[in-house]
Amino acid sequence: MVKLKSNDDKEFEVEEAAVIQSEMIKNMIEDGCATSVIPLPNIDSKTLIKVIEYLNKHINMGKAAETGEEDDLKEFDEQFVNMGWEELFDVIMAANYLNIHELMELCCQSAADRLKNKSVRAVREMLKITNDLTEEEEQEIINDAPWAFEGPEIDDTVN
Amino acid sequence: MEKNYLLWKVKQQKKNYRSNTVINQINSVNEEEFFIPCRCTQQKKNESVPYTAEEINTDTAEDIHFPEEIVMNILSRLPVRSLQRFKCVSPFWSALISDHYFIMKHLNHGRNDLNSQKLLTANHQVGFNSFSLSSPVQVIEDEQRLDGPPNYSLSCCCDGLALLSFSDEKTDLMSFLLWNPSTRGSILLPSRHCGFRFWVFGLGYDATSDDYKILAAYLDAGSLGDVSVQILSLKSGSWRKIDKYPTGMRPASGYSDRAMSSLEL
């Protein structure tokens, strides 16, 4: 078992087979740096619980194809990313820090799917981006491809 | 649609048969008409982007919650339509989406993603259409009409770019357009004399010169095996005759009213 500690000082025990899906922790174990608790100063306990949930479910991912559990895993993934915007960001940041490739793929794809049809205003609000473009610059981009700014599918809601 | 057709007309009038001017045309990138998707022209394009990476990082660092790498990861999964719109989000996003490295990443992502594989069809009567190929059974669905240049026929495709050609019987000239159906941008290439009917074309990316090349070969119908092969590299902007080529060439994809090819959108 490997012990992980979140930035709010909560400790979690995870099976080694699950936790080595994180390249970062795998390297630490290989280098003999994981003998005691591994502190994760960038990840809070709420996010770490989500990440561990994912790691435990994907522990036997290689075997899933053989045992016919692929559909089950797919369903889990769909449910897993069904979370709030902020929460998804935290998981992406954690997956990036821990270097968990499959989790990164899953969450970035979910973020992309959510952004795909959003309006410019909605994207700015969702990602808390301040617009530094002048009106002229903005108009120039719109004139460049007006078709990208029109259409019934464009969604101005923030969620 | 009508407006776009007028644009094609304007471009037709701008036609200039001197080879070097074509590259000038590409590099000067008239933003109102062209969004140049080609990797080979990206460097020049970057120069016109008013925000360098350093400037962006310092100016907008507070707003960017994600590292650039993650933003790029997410954006590379989006279709061109979304990306064109999201250039308006911020100067950082605008520069990122127009960046050469990002464009290549986006293209590579599309190559590995079955959902972004499209079929492009061209028909003189119907015009251009695109279809999605759904996985794993390749069922054609989501037919979409594309606003393509009239009268041009589809010669070949590569990396989401389509080579279109148009033969003018009166002037005996064949005109070429390199068209990106996703961005709706296009560039006019130097035209050639038609001469013979049995032209075949190829379009490919040459990694050694980071350039797209177009190959044109014709087969003299009268004496099989009489072949002329010419190559146009986008960077040079002129046709060059190739002396060495495989013998016994036959047109593998000849002329037909209907041509299909895979295309990434």
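Letters A, B, ... mirror the listed sequences (proteins, then strands); counts begin at 1.
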message: Run the side-chain contact (heavy atoms from CB on, under 4.5 Å) test on Ile129(A) and Ser90(B) for me, step by step, so that the C-alpha distance in whole Å, both residues' side-chain angles and the decisive distance to 0.1 Å come before the verdict.
response: CA-CA 7 Å; Ile129(A) 295 170; Ser90(B) 73; 3.7 Å; yes
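- Interface residue Ile154(A): only side-chain heavy atoms are found under 4.5 Å from chain B.
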field: Chi angles and distances behind the side-chain contact (heavy atoms from CB on, under 4.5 Å) call for Ile142(A), Cys88(B)
entry: CA-CA 8 Å; Ile142(A) 296 170; Cys88(B) 247; 4.0 Å; yes
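- Looking only at distances, no side-chain donor or acceptor of Arg85(B) sits under 3.5 Å from a matching main-chain atom of Pro146(A).
- A salt bridge between Glu105(A) and Arg77(B) is present, with a side-chain N of the basic residue lying under 4.0 Å from a carboxylate O of the acidic one.
- Remark: Arg184(B) is positioned above the aromatic ring of Trp147(A), its terminal NZ or CZ atom under 6.0 angstrom from the ring centre and at most 45 degrees off the axis.
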task: Evaluate the side-chain contact (heavy atoms from CB on, under 4.5 Å) criterion for residues Ile74(B) and Leu115(A): first the C-alpha distance (whole Å), next the side-chain angles of each, then the deciding distance (0.1 Å), finally the verdict.
output: CA-CA 9 Å; Ile74(B) 296 170; Leu115(A) 289 176; 4.0 Å; yes
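- A salt bridge links Glu153(A) with Arg81(B): at least one charged nitrogen is closer than 4.0 Å to a carboxylate oxygen.
- Atom NZ of Lys26(A) has 12 or fewer neighbouring heavy atoms from other residues, nucleotides or ligands inside a 6.0 Å radius.
- With a threshold of 4.5 angstrom between heavy atoms, Ser110(A) does not approach chain B through any atom at all.
- Contact of Ala111(A) with chain B is made through backbone and side chain together, with heavy-atom distances under 4.5 Å.
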- prompt: Do Phe92(B) and Leu133(A) pass the side-chain contact (heavy atoms from CB on, under 4.5 Å) test, and can you show the C-alpha distance, the side-chain angles, and the key distance before you say yes or no?
  reply: CA-CA 10 Å; Phe92(B) 173 76; Leu133(A) 288 165; over 6 Å; no
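- For CD of Glu69(B), the number of neighbouring non-hydrogen atoms (other residues, nucleotides, ligands) closer than 6.0 Å is 12 at most.
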